[in-house]
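Values in this document were obtained by computation on a predicted structure and should not be read as measured data. Counting starts at 1 for both ligands and their atoms, in listed order.
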Amino acid sequence: MITIDEVTVRFGQVTALDAVSLTVAPHTVHAVIGPNGAGKSTLLNVLSGLYRPAHGTVRIDGTDLAGVKPYEIARLGVARSFQNVALSGGQTAMDSMLLGRHRLMRAGPWRTAFGTPGARREERAHRAAVAEIATRFGLDHLLERPVAQLAYGDRKRIDLARAMCAEPKVLLLDEPVAGLNAGETAAVSALIRRMRDEHDVTVVLVEHDMPMVMGLADEVTVLDFGRRIAGGTPAEIQDHPDVIRAYLGVAS
Ligand SMILES: Nc1ncnc2c1ncn2[C@@H]1O[C@H](COP(=O)(O)OP(=O)(O)OP(=O)(O)O)[C@@H](O)[C@H]1O
């Protein structure tokens, strides 16, 4: 369970989040939507510990994130994908997904560099785990390909699989289908659904693609100018007058 209670984040004069409260139930997809600048990415950055709220508390399974460093939050089982696919050029999909397992690796850089038997064994185990996750998500044929040569949609799916390699409890997704065509969007939606249903992952999803959100999310929180203006199931929020007003850009 993620509990966000009265969280306020300011950047100088801008209040990016204004006393926002919401809860995310375990093993659900919770979408955060709203017009540009509403505070959606800021909310994800608060959950991953990148931004600190000026006020309010964030708890993940009861642990208050105040003062907890981003790498410690990752150790708690929080992984994220990025709006702009953060995969670097020459590495293969396998290399990239191995990075996703970083928090699970025990061998430090020295043991790995000297190639001790323990470190080699551990690396083999991690490679096997990556291959298994890739197979499960139908991406195994891409593992040896340099990421830079992959189609954009495949890169997005590899980035999601990389996040899954951390075996997260909570997955933060920032616009996972931005720039994808309808077929690729359906493939990513199916992947996220499986993460929730088969891997017990709790997903917080920021996304502008409304049909995708409406088809996938269990709950939706709507932000506008840093405030939470509505929340509920997709059916409950889609006819909400404040939500319609926010999207039409009419002052409420
Ligand atoms: N690091 C920062 N420094 C200064 N201002 C910021 C920073 N991050 C966000 N903001 C401001 O906070 C507000 C909320 O931004 P945020 O990126 O969270 O919105 P968003 O809903 O994710 O928008 P979009 O849909 O365009 O990505 C905006 O006014 C933005 O300019």
Show me which atoms of ligand 1 lie under 4.0 Å from any heavy atom of [X].
| X | answer |
| --- | --- |
| Lys40 | 18 (O), 19 (O), 20 (P), 21 (O), 22 (O), 23 (O), 24 (P), 25 (O) |
| His208 | 25 (O) |
| Val14 | 12 (O), 29 (O) |
| Ala16 | 12 (O), 13 (C), 14 (C) |
| Ala38 | 19 (O), 20 (P), 21 (O) |

**Message:** Between Glu207 (side chain only) and Val177 (backbone N and O only), is there a donor and an acceptor less than 3.5 Å apart?
**Reply:**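 Confirmed, Glu207 side chain pairs with Val177 backbone.
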**Message:** When you measure from the side chain of Arg101 to the backbone of Cys165, do you find a donor-acceptor pair of N or O atoms at a distance under 3.5 Å?
**Reply:**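 Side chain of Arg101 to backbone of Cys165: a pair is present.
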**Request:** Check whether any heavy atom of Gly39 sits under 4.0 Å from an atom of ligand 1.
**Result:**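 Yes, Gly39 has heavy atoms under 4.0 Å from ligand 1.
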**Prompt:** Any luck finding a side-chain donor-acceptor pair between His126 and Glu122 under 3.5 Å?
**Reply:**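 Yes - a donor-acceptor pair under 3.5 Å links their side chains.
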**Message:** With nothing but distance in play, are any N or O atoms of Phe11 less than 3.5 Å from an N or O of ligand 1?
**Reply:**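 Looking only at distances, the answer is no, because the N/O contact criterion of under 3.5 Å is not met.
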**Message:** So for atom CZ, which belongs to Phe225, do other residues, nucleotides or ligands contribute more than 12 heavy atoms lying within a distance under 6.0 Å?
**Reply:**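 Not buried by this count: 12 neighbours or fewer within 6.0 Å.
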**Request:** Tell me, yes or no, whether the heavy-atom count around Arg136 atom CZ, taken from other residues, nucleotides or ligands under 6.0 Å, exceeds 12.
**Result:**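 Count over threshold, so yes.
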**Asked** For ligand 1, does Thr42 get within less than 4.0 Å through its side chain, its backbone, both, or neither, judged by non-hydrogen atoms?
**Response**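 For Thr42, the contact with ligand 1 is made by both the backbone and the side chain.
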**Asked** Can a salt bridge be assigned to the pair Lys156 and Asp159 using a cut-off of 4.0 Å between side-chain N and carboxylate O?
**Response**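 The answer is no: the pair does not qualify as a salt bridge.
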